[in-house]
Amino acid sequence: MLYSDVYKSPIGSMYLLMNEKGEVVEISFHRRDEKAEKRPGLFEGIKKQLSEYFDGRRKEFDIKFSFSGTDFQKKVWKALLDIPYGKTESYGSIARRIGHPGAYRAIGTAVGKNRLGIVVPCHRVIKGDGSIGNYGGGVDRKEFLLKLEGLKF
């Protein structure tokens, strides 16, 4: 069973999904066709933390979440959690860090499949040349998030 709610962020509606174990399984700007029961009260903690993030008062999240993907994807997503607030890392450096040098395209694909936006900070991944790169929520949103964290693009 999945439960859902919507969080109205400064950069658009974010769709929230939680499993029956109380783990957040999705925070995204795109509504998926998941069968989910609307249960707004379950999401008050994550909504509060997202609001604190957007207000500049939160740099790390303290929520229970669950990854759903291949072992490689999970390895990439765990590496994203090590990128500190206000910092960026390139696809290539993540590939080297997780022991897959040269796999920057595969890293990009895995980053693009991250379903826990902002909490698992895929917006902090940029191209090797320092340019902003892509973002599943849209480049404008990525730029907003990076500026929120004190970076200039």
Side-chain angles (χ1 to χ4, degrees), residues 2-19 21-36 43 46-47 49-54 56 58-153:
L2 291 173
Y3 304 102
S4 70
D5 200 3
V6 176
Y7 171 74
K8 303 284 188 195
S9 85
I11 51 177
S13 294
M14 299 182 76
Y15 302 97
L16 312 174
L17 283 176
M18 184 181 293
N19 65 22
K21 297 177 192 171
E23 300 165 328
V24 177
V25 296
E26 182 160 0
I27 301 169
S28 74
F29 293 102
H30 307 288
R31 185 183 302 270
R32 301 201 196 270
D33 292 332
E34 304 274 0
K35 297 282 186 214
F43 294 89
I46 185 60
K47 287 179 171 185
Q49 289 188 41
L50 286 167
S51 292
E52 291 168 353
Y53 171 81
F54 282 109
R58 177 172 289 276
K59 294 181 177 14
E60 295 179 7
F61 291 89
D62 180 25
I63 65 164
K64 203 167 129 181
F65 60 85
S66 177
F67 293 128
S68 179
T70 67
D71 289 342
F72 179 78
Q73 288 169 334
K74 290 176 185 178
K75 196 173 191 180
V76 171
W77 299 331
K78 286 177 184 172
L80 299 180
L81 293 168
D82 293 331
I83 306 171
Y85 181 96
K87 302 287 183 193
T88 58
E89 190 169 348
S90 72
Y91 298 97
S93 68
I94 292 172
R96 289 186 296 278
R97 186 159 56 88
I98 67 168
H100 295 276
Y104 59 91
R105 285 191 177 146
I107 299 295
T109 299
V111 168
K113 293 186 184 227
N114 173 30
R115 291 181 72 171
L116 292 164
I118 299 176
V119 172
V120 177
C122 53
H123 62 279
R124 296 180 188 150
V125 182
I126 61 171
K127 289 182 162 186
D129 65 5
S131 62
I132 197 165
N134 293 324
Y135 183 60
V139 174
D140 291 346
R141 286 183 176 131
K142 182 174 185 172
E143 188 172 331
F144 176 95
L145 294 169
L146 293 173
K147 285 181 179 177
L148 176 70
E149 295 186 15
L151 300 164
K152 304 213 184 306
F153 282 88

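- Across Val139 and Asn134, no two heavy atoms sit closer than the pair CG2-CA, 4.3 Å.
- Shown here is Lys47, whose NZ atom has more than 12 heavy atoms of other residues, nucleotides or ligands within 6.0 Å.
- Side-chain contact between Leu16 and Val24 is absent, with no heavy-atom pair separated by less than 4.5 Å.
- Looking at every heavy atom in both residues, Asn19 comes nearest to Leu2 through CA-CD2, 3.9 Å.
- Distance SG/Cys122 to OH/Tyr135: 4.5 Å, rounded to 0.5 Å.
- The CD atom of Gln49 sits 10.5 Å away from atom CD of Glu60, with the distance rounded to the nearest 0.5 Å.
- Note: Phe43 and Tyr7 fail the aromatic proximity criterion, with ring centroids not under 6.0 Å apart.
- Heavy-atom contacts from other residues, nucleotides or ligands closer than 6.0 Å to CG of Asp129 number more than 12.
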Assess the residue pair Ile11 and Leu145 against the criterion (side-chain contact (heavy atoms from CB on, under 4.5 Å)); give the C-alpha distance rounded to whole Å, side-chain angles, the decisive distance to 0.1 Å, and a yes or no. CA-CA 9 Å; Ile11 51 177; Leu145 294 169; 3.9 Å; yes
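- Residue Lys87 qualifies as open at atom NZ: its count of foreign heavy atoms under 6.0 Å is 12 or below.
- Ring pair Phe54/Phe144 is tilted by interplanar angle, where 30° to 60° counts as tilted.
- Using cut-offs of 30° and 60° on the angle between ring planes, the pair Phe67 and Trp77 is tilted.
- In terms of heavy-atom proximity, Arg96 sits nearest to Pro101 at CG-CB, 4.1 Å.
- Each of Arg141, Lys142, Glu143, Glu149 was compared with His123 under the side-chain hydrogen bond (donor to acceptor under 3.5 Å, both in side chains) criterion, and only Glu149 meets it.
- The two atoms that bring Val119 and Leu81 nearest to each other are O-CD2, 3.7 Å, heavy atoms only.
- Within 6.0 Å of NZ in Lys113 there are 12 or fewer heavy atoms belonging to other residues, nucleotides or ligands.
- When all heavy atoms are compared, the tightest approach of Gly137 to Phe29 is CA-CD1, 3.9 Å.
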Can you check side-chain contact (heavy atoms from CB on, under 4.5 Å) on Ile118 and Phe61, steps first, answer last? CA-CA 9 Å; Ile118 299 176; Phe61 291 89; 3.7 Å; yes
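- The CG atom of Asn114 sits 9.0 Å away from the CD1 atom of Ile27 when rounded to the nearest 0.5 Å.
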Carefully, step by step, assess Ile98 and Ile107 under the rule side-chain contact (heavy atoms from CB on, under 4.5 Å). CA-CA 10 Å; Ile98 67 168; Ile107 299 295; 3.6 Å; yes
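- Residues Ile94 and Ile83 are in side-chain contact: their nearest non-hydrogen atoms beyond the backbone lie under 4.5 Å apart.
- Remark: Ser90 OG to Arg97 CZ distance equals 10.0 Å, nearest 0.5 Å.
- Nearest heavy-atom pair, Ser66 versus Glu23, reported as atom, atom and distance to 0.1 Å: CB-OE1, 3.5 Å.
- Taking CZ of Arg124 as the start and OH of Tyr85 as the end, the distance is 8.0 Å to the nearest 0.5 Å.
- Note that CD of Glu89 is 9.5 Å distant from CD1 of Ile126, once rounded to the nearest 0.5 Å.
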